Structures are given as C-alpha cells and as structure tokens.
Amino acid sequence: MSAVQVALLLSLVSLFSLPVNGDYKIGVGRYDITGPAAEIEMMGMANPSQIANGIHFRQYSRAFIVVNASNDTNRVVFVSIDACMGTQIMKNKVVEKLQSNKTFAGLYTDDNVCISGTHTHSGPAGYFQYLLYEITSRGFSQETLDAIVDGIVESIAEAHQNIVPGKLLYNTGVLLNASRNRSPTAYLLNPEADKALYQYDTDKDMVVIKFVDNNGTDLGMINWFAVHGTSMNNTNTYISGDNKGYASLLHEKDMDKDSLPGQSKFIAAYAQSNEGDVTPNLMPQHCPGHPEVPCDANSSKCLVKGKELFCIAFGPGVDMFDSTRIIGERQFDKGKELYDAAFKELSGPVQYLKVNRDFSNIELEFNGKKVHTCTPAMGDSFAAGTIDGPGAFSFKQNDTTGNKFWDLVGHLLHEPSKEEKECQAPKPILLDTGDINILYPWAPRIVPLQMFRIGQLVISAVPAEFTTMSGRYLKNAVKKIFNATGDSDIIPVIAGLSNTYSDYVTTYYEYQQQRYEGGSTIFGPYTLNAYVQEFSKLAVALATNNATGLDKGPPTPDYYSRQKSLILPVLTDKQPKGKKIGDVKVDVKESYAINDTVEVVFWAGNPRNDRKTNSTFLTVEIEDNDQWTVMYTDASLETRFKWEYDHSDTLCIMDEIFDGGCTSHVTIQWFIPPDTVPGTYRIQHFGAYKNDGVHQYQGVSGTFKVTKM
C-alpha cells in the first residue's frame with residue numbers, strides 16, 4: 001500500500017470513527033495583528049539597526065475557545081500570536097477590552113485567557129511595560145501595542161461568534177529535521193540518568209489538537225513544537241511570522257485552497273513550546289568570513305589574527321527567506337500528517353487556574369538544602385547573544401568571571417549587593433535589573449503562572465523561554481501528579497512565552513556553564529525548581545478539582561501610565577515633483593516567465609499612516625473577461641513589500657523640518673510560483689499619506705504577461 005493510500009485510509013478511519021457528540025463547544029477565530037511596517041525596531045534580536053521597513057507576510061492572532069458542553073461557565077481561550085511573546089501590558093489591555101464589552105464581561109478574564117507568542121523575531125517592538133525590553137526600540141510604541149491588542153480581541157470575538165458543538169481530537173509525533181540545540185555543551189551538564197531518558201538533546205515531539213464540529217467539518221488546529229523563530233536573522237527588516245507563521249499559512253491554504261491568506265475558514269496555529277535552547281538554523285556554527293577557523297564550542301567565538309569574533313549559524317536554506325520556507329514547510333508537513341491521522345478524542349473537564357508569584361524570593365528545597373530564587377539580574381553572557389543573533393563588543397558565552405570594564409559600566413545603574421552576587425553565582429551580574437527603576441521597573445518580579453486542562457490535555461502556560469530539559473522536567477512533574485490521581489493518559493504541553501516575559505529558564509546544571517540562556521535566567525540557578533514547585537501546586541489543584549487554599553498571589557503589575565517613548569510621529573509625506581503619491585516610479589516589464597520576479601516601484605506615503613489591518617498594501621491581479629481577480633496580497637508567501645525614503649533618514653528629518661517632508665517609495669515584488677496560470681496581470685498598491693490630515697491613495701502598474709517559458 002502506498003503512502004498516499006495509507007494517508008487516505010487514516011483519514012477515512014478518522015472521519016467514520018467520530019462519536020456523534022463531543023464533550024465540548026468550540027470556536028476558532030483569527031485577526032490581523034501586523035504592526036507599523038516602518039520606522040519601528042524589531043523585537044527579539046535587540047539590534048537597534050534592525051528597523052522595520054516592509055512586509056514579508058502578515059502576522060495574525062489565532063484564538064481557540066473550548067467550553068464545557070454541560071457547563072458554559074467552564075471555558076478557556078488559547079491565543080497564539082505571531083509575535084515575539086505575550087507580555088503583561090498586552091494581557092492587561094486585552095482583558096480590559098474584553099471586560100468592557102457586555103458580551104464578554106465575566107466570560108473571558110485574566111484567569112481563563114492565555115496569550116502565547118510564536119517567538120518570531122521579525123515584528124515591531126515596543127509592547128512591554130518593563131524598560132529593559134524597550135531600550136533598543138526607543139521605548140514604548142503605542143502603535144505596536146494597539147495593533148496586537150486590537151487583533152487579539154477581534155480574534156477572540158470571532159472565535160466566540162463561531163462557537164459550535166464539536167470534538168477535539170489529538171495526535172502526537174516526532175519531527176527530526178527542523179531543529180537542533182544551540183547550547184549542546186550546557187545540555188550535556190544535565191544528570192546522566194535524566195539525559196538517558198531521551199534520544200535527542202531537543203524536544204522533537206509535536207502535539208496536535210484537531211478542532212472539528214459534530215458534523216465532522218474541520219475548523220482548526222493547535223500544534224505545539226519547540227523551535228526558535230529565528231530563521232529570519234538580525235539583518236532582516238521585513239515584518240514576518242518566521243517559520244511558524246509560514247507553517248500556519250501553508251496549513252490554512254491547504255485546507256481552504258481557494259482562499260487568500262488570512263481569509264481561510266480553517267485556522268491553524270503553530271504555537272510555541274520549550275524552545276529556549278532550540279534553533280532552526282541547522283548548519284553548524286561558523287566563523288564569519290573565515291570558515292577555516294574553528295569555533296569554540298563553549299563560548300561560540302573564533303580567533304582571527306588575535307581578535308575574537310562571534311560565531312554564527314544559518315541554514316538550511318540559501319538565505320533567511322529560503323530557510324524560513326524550509327523550516328516552515330517541515331513543520332507543516334509533519335503537522336498535516338498528524339492532523340490527518342488524529343482520531344483519538346479528548347474527553348473530560350475544562351478547567352483553568354492562574355496565579356501570580358513574586359519570583360524574586362521563592363523558597364524551596366534542592367538536593368536536601370533550603371534555597372531561594374533571586375532578584376532579577378542579567379549576566380555577561382546575556383550580552384554575548386547567540387549563534388542565531390550574536391551580541392557585541394568583548395562579551396562571550398560561557399562567562400562565569402565577568403568583564404571588569406563592562407560590569408563597572410552596568411553597575412553604574414545599580415550596584416548589586418554581596419547577597420545578590422552570591423545568589424546569582426556563578427553568573428557574574430552585568431545588569432542588576434530587578435533593582436533598577438529608572439523611569440519605571442526594568443524587569444518583572446511578579447510573573448503569572450497559568451494552567452489549562454481540557455480532558456487529557458494539560459497546558460502549562462509559562463512566562464519565559466524554557467530550555468529543552470527545563471520543559472521536560474516541568475512536563476514530567478505535571479504528568480506525575482495527574483498519574484497519581486488516576487489520570488494515566490495525560491498529555492502535558494508547555495505553552496511558551498505566555499502572558500508576560502521573564503527571559504529564560506535553564507536547569508540548575510545548565511546554569512553553571514552560563515551560556516546565553518543561563519546568563520538570561522534572571523531569577524538565578526533555582527529558577528526552574530521554583531517553577532516546578534509552583535506549577536505542581538496548580539496541577540494538584542486541577543487533578544483533585546480542589547483549589548481551596550491556593551494563594552492567588554500579589555496583584556498584577558500595571559505600568560502602562562508610566563511608559564515613555566522616543567519614537568517620533570509621522571509629520572508629513574511630501575509629494576514628488578511633477579508626480580503624485582501613488583504614481584508608478586519604475587514600472588513592470590511587458591512579460592515574465594514562471595519563476596521570474598516581477599518588480600514595480602510606486603511613489604508612496606509612510607505605511608504608519610494606515611496599517612491596512614485585515615487588508616493589504618498590495619494586490620497581484622489576473623485579468624479574466626475584463627474583470628480583475630486578486631490572486632495575492634501582502635500576506636502571501638509569494639510577495640514582498642518594502643518601503644524606503646528617497647534619501648537617508650537623517651536628510652529626511654531635516655527635510656521635514658525645513659522643506660515640508662521627504663518623498664518615499666515602495667517596492668513590490670512578486671515571485672511567480674510554478675503553478676501560476678499564464679495570462680495578463682497587474683499589481684496595485686494601496687496606502688495613505690499624511691499632509692493636512694491622512695488621505696488614502698492607490699496606484700496601479702502597467703499590465704504584463706506571464707508565460708510558461
């Protein structure tokens with residue numbers, strides 16, 4: 001029997017083995033969260049020169065509601081967003097908007113809504129309430145926050161409107177060719193007995209939850225797999241969902257082939273898990289410009305003519321766009337295979353718990369002695385970056401001694417106490433972030449811990465980036481607790497980067513080496529043990545259905561009113577001499593063949609004037625009987641949209657002050673795919689310019705032919 005026949009048989013088995021009714025009511029929704037596509041730094045790489053100026057493809061919020069069919073008050077909302085992470089200020093504002101809506105008030109709260117980031121490093125920054133994460137983005141960005149918050153709320157509203165009786169089916173599998181460990185020497189420090197339980201040094205497990213209504217109609221899917229959203233590297237300036245966003249769009253297109261991206265009825269979330277030490281860049285680290293020079297495995301540096309350079313890793317593609325495609329396709333291929341073969345059903349209660357914990361001083365026991373977590377602090381290795389995105393200056397990974405010069409500079413902001421240094425050891429403290437409150441707090445002390453149970457599925461929503469082994473320890477602890485109460489078929493899942501961001505979580509053993517992940521584990525060497533202890537309390541409460549005595553913890557911090565920004569507004573868009581905004585600057589050619597790239601340039605306004613939410617800055621259209629049909633938008637994987645000033649940013653600032661603004665243009669590219677229908681095409685551009693108000697405009701290219709040859 002062929003592979004195709006096997007897949008078809010499994011699909012038929014899945015269809016005809018569905019029970020008539022499920023335990024749940026379910027709803028799915030999606031909405032655009034693409035932020036300002038110009039002049040805002042990207043979030044994730046901490047690179048001030050990585051400033052957005054275009055769109056690779058749009059970013060979305062995908063919401064999934066599960067309601068206990070026999071008790072409407074028991075419901076949970078899992079939201080996966082194409083953003084670097086969920087943040088506290090984001091969660092606060094989402095809950096505020098939901099509670100201000102009469103339809104949702106009391107239904108969707110801080111307790112039963114989870115917001116998890118896919119961890120793309122290619123989205124606009126500025127949506128935090130802690131200053132450390134905003135420094136390289138010139139502070140807070142209201143534009144970015146509004147785009148994300150409004151999109152999340154709209155996706156939840158759509159999911160709520162779509163609630164129907166349905167079933168949740170699940171499947172699990174292994175994906176081997178989409179990830180590797182970027183700190184393998186730290187992983188090796190874990191106890192031999194624990195490592196022996198696993199074949200790989202990253203989590204290769206993929207968990208799929210399939211949403212279908214009681215008629216067997218496919219509604220959506222949540223897929224958890226651990227891999228960083230860093231296929232797009234720190235030179236990228238296009239907004240992008242990276243490999244997970246790519247996989248989502250592929251799956252949605254596959255299930256609704258006639259739909260445009262972001263408009264399919266089927267909604268697929270490729271969500272994040274314990275990706276802390278997991279990279280999608282599969283090629284070995286190398287010395288840039290000197291591939292013959294070896295990289296030190298511990299520090300990820302190489303020595304060239306007496307100078308230390310940062311080693312980097314790319315691949316598996318020829319460039320970052322190709323790598324994003326490959327890793328996205330590999331996740332989609334496995335995700336679709338597991339989805340099609342998912343016929344085991346979730347059944348049982350819908351439960352949720354959420355507490356806050358002050359992680360600056362959690363007391364616990366480790367190896368027979370009483371210990372505690374620490375006030376937040378960043379180590380020197382944090383500033384070294386990773387092989388996905390290296391740091392700067394003389395910093396290096398695997399630094400347990402520190403750099404006297406840089407530590408002196410960092411301690412000018414706040415000198416850590418002797419007790420703090422001892423608590424964080426062997427981490428040398430570069431930035432004592434937990435005690436820096438210049439303008440407002442630089443790092444969180446209070447973090448949210450949230451757990452959902454949907455039948456056999458137990459989701460631990462963690463507010464950080466857990467390494468591979470850290471996630472395994474937590475999942476094992478949760479599973480052990482449920483097993484002890486008679487639930488032997490529990491499926492534990494880590495939902496990474498959820499609800500707020502508190503950097504990394506390594507194991508105690510990995511922490512000793514102080515790779516980047518250890519240097520970024522802000523609460524000290526016992527951080528993971530504290531998480532396991534506190535999440536275990538939630539697991540006990542859910543497993544026994546008894547939360548009596550469970551402390552809700554301190555109130556959720558809110559520093560929204562204290563946010564500061566150095567981001568300048570758009571002042572005005574200057575009309576080009578003898579032309580108007582929207583006119584073609586460089587037109588298309590008359591004819592192209594399959595696999596060619598079509599390119600057209602328009603005089604343009606600043607994309608910040610109108611984000612074109614749930615719309616598009618471009619369309620590629622085919623002519624059919626004197627009618628134009630849209631085939632691609634700026635959310636399509638086959639297009640790119642790039643905005644630029646006609647002069648340098650500095651000159652344009654001067655022009656805005658003295659000469660009424662600066663002209664700008666957009667370049668639109670269409671990469672003609674092999675399955676393109678030959679015919680007559682055109683490209684349209686849509687935007688808004690600012691000049692005594694904001695005005696909409698559009699432009700159209702000349703027509704062109706696409707031929708097979």
Side-chain angles (χ1 to χ4, degrees), residues 32-39 52-60 82 122-124 147 236-241 245-246 249 253 259-264 321 324 573 576 579-589 592 596-624 627-646 663-673 676-677 679-689 694-706:
D32 187 4
I33 61 168
T34 306
E39 301 183 317
N53 71 340
I55 295 176
H56 179 208
F57 55 86
R58 285 189 174 261
Q59 299 175 324
Y60 292 95
D82 289 333
S122 295
N236 172 52
T237 57
Y238 290 90
I239 290 175
S240 175
Y246 200 103
L249 291 177
K253 182 68 172 179
S259 67
L260 291 169
Q263 298 180 25
S264 63
F321 297 99
T324 298
D573 292 295
K579 299 285 184 179
K580 63 179 186 296
I581 292 176
D583 284 350
V584 172
K585 183 179 182 183
V586 181
D587 210 348
V588 296
K589 297 187 297 186
Y592 298 86
D596 282 350
T597 300
V598 182
E599 184 171 294
V600 59
V601 182
F602 293 92
W603 295 104
N606 193 311
R608 290 171 62 192
N609 295 324
D610 185 341
R611 296 189 299 270
K612 296 298 177 184
T613 301
N614 255 23
S615 184
T616 182
F617 286 108
L618 70 91
T619 56
V620 178
E621 304 170 4
I622 187 172
E623 185 181 27
D624 183 19
Q627 299 292 319
W628 291 97
T629 301
V630 175
M631 303 299 291
Y632 302 96
T633 69
D634 64 9
S636 300
L637 303 176
E638 299 83 0
T639 64
R640 286 181 208 161
F641 170 85
K642 184 176 183 178
W643 173 86
E644 297 172 290
Y645 279 126
D646 288 294
T663 57
S664 64
H665 63 269
V666 298
T667 302
I668 295 172
Q669 293 176 305
W670 174 37
F671 301 88
I672 305 175
T676 300
V677 176
T680 300
Y681 287 81
R682 72 180 185 185
I683 292 176
Q684 287 210 76
H685 164 50
F686 306 89
Y689 68 88
V694 175
H695 310 274
Q696 299 294 317
Y697 72 88
Q698 69 184 75
V700 59
S701 75
T703 60
F704 57 93
K705 298 288 186 181
V706 173

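Only this structure's heavy atoms are used, side chains among them; waters, hydrogens and symmetry mates stay out. This chain uses plain numbering: 1 for the first residue, then up along the sequence. As the structure is a prediction and not an experimental result, all values here were calculated from the model.
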For this session: Consider only side-chain N and O atoms of Ser122 and Asn236, and report whether a donor and an acceptor are under 3.5 Å apart.
Result: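 Present: a donor and an acceptor within the cut-off.
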
Exercise. Aromatic ring centroids of Phe321 and Tyr238 under 6.0 Å?
Worked result: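 Yes; Tyr238 has its ring centre under 6.0 Å from that of Phe321.
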
Exercise. Quick one: are the ring centres of Phe617 and Trp643 less than 6.0 Å apart?
Worked result: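 Between Trp643 and Phe617, which both carry aromatic rings, the centre distance is not below 6.0 Å.
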
Indicate yes or no for a side-chain donor-acceptor contact from [X] to the backbone of [Y] under 3.5 Å, with no hydrogens or angles considered.
| X | Y | value |
| --- | --- | --- |
| Ser636 | Glu638 | no |
| Asp610 | Ala688 | no |
| Ser701 | Arg682 | no |
| Ser264 | Lys253 | no |
| Asn53 | Ala38 | no |

Exercise. Would you call the rings of Tyr697 and Tyr689 parallel, tilted or perpendicular if under 30° counts as parallel and over 60° as perpendicular?
Worked result: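 Tyr697 and Tyr689: tilted rings.
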
For this session: Could you check whether the rings of His685 and Phe602 sit parallel, tilted or perpendicular, using 30° and 60° as the cut-offs?
Result: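 His685 and Phe602: tilted rings.
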
For this session: To the nearest 0.5 Å, tell me how far Trp670 CH2 sits from Asp596 CG.
Result: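 With rounding to 0.5 Å, CH2 (Trp670) is 10.0 Å from CG (Asp596).
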
Problem set entry | Passing option when Gln684 is tested against Leu618, Thr619, Thr616, Val600 for side-chain contact (heavy atoms from CB on, under 4.5 Å) |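 Of the listed options, the one satisfying the test is Thr619.
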
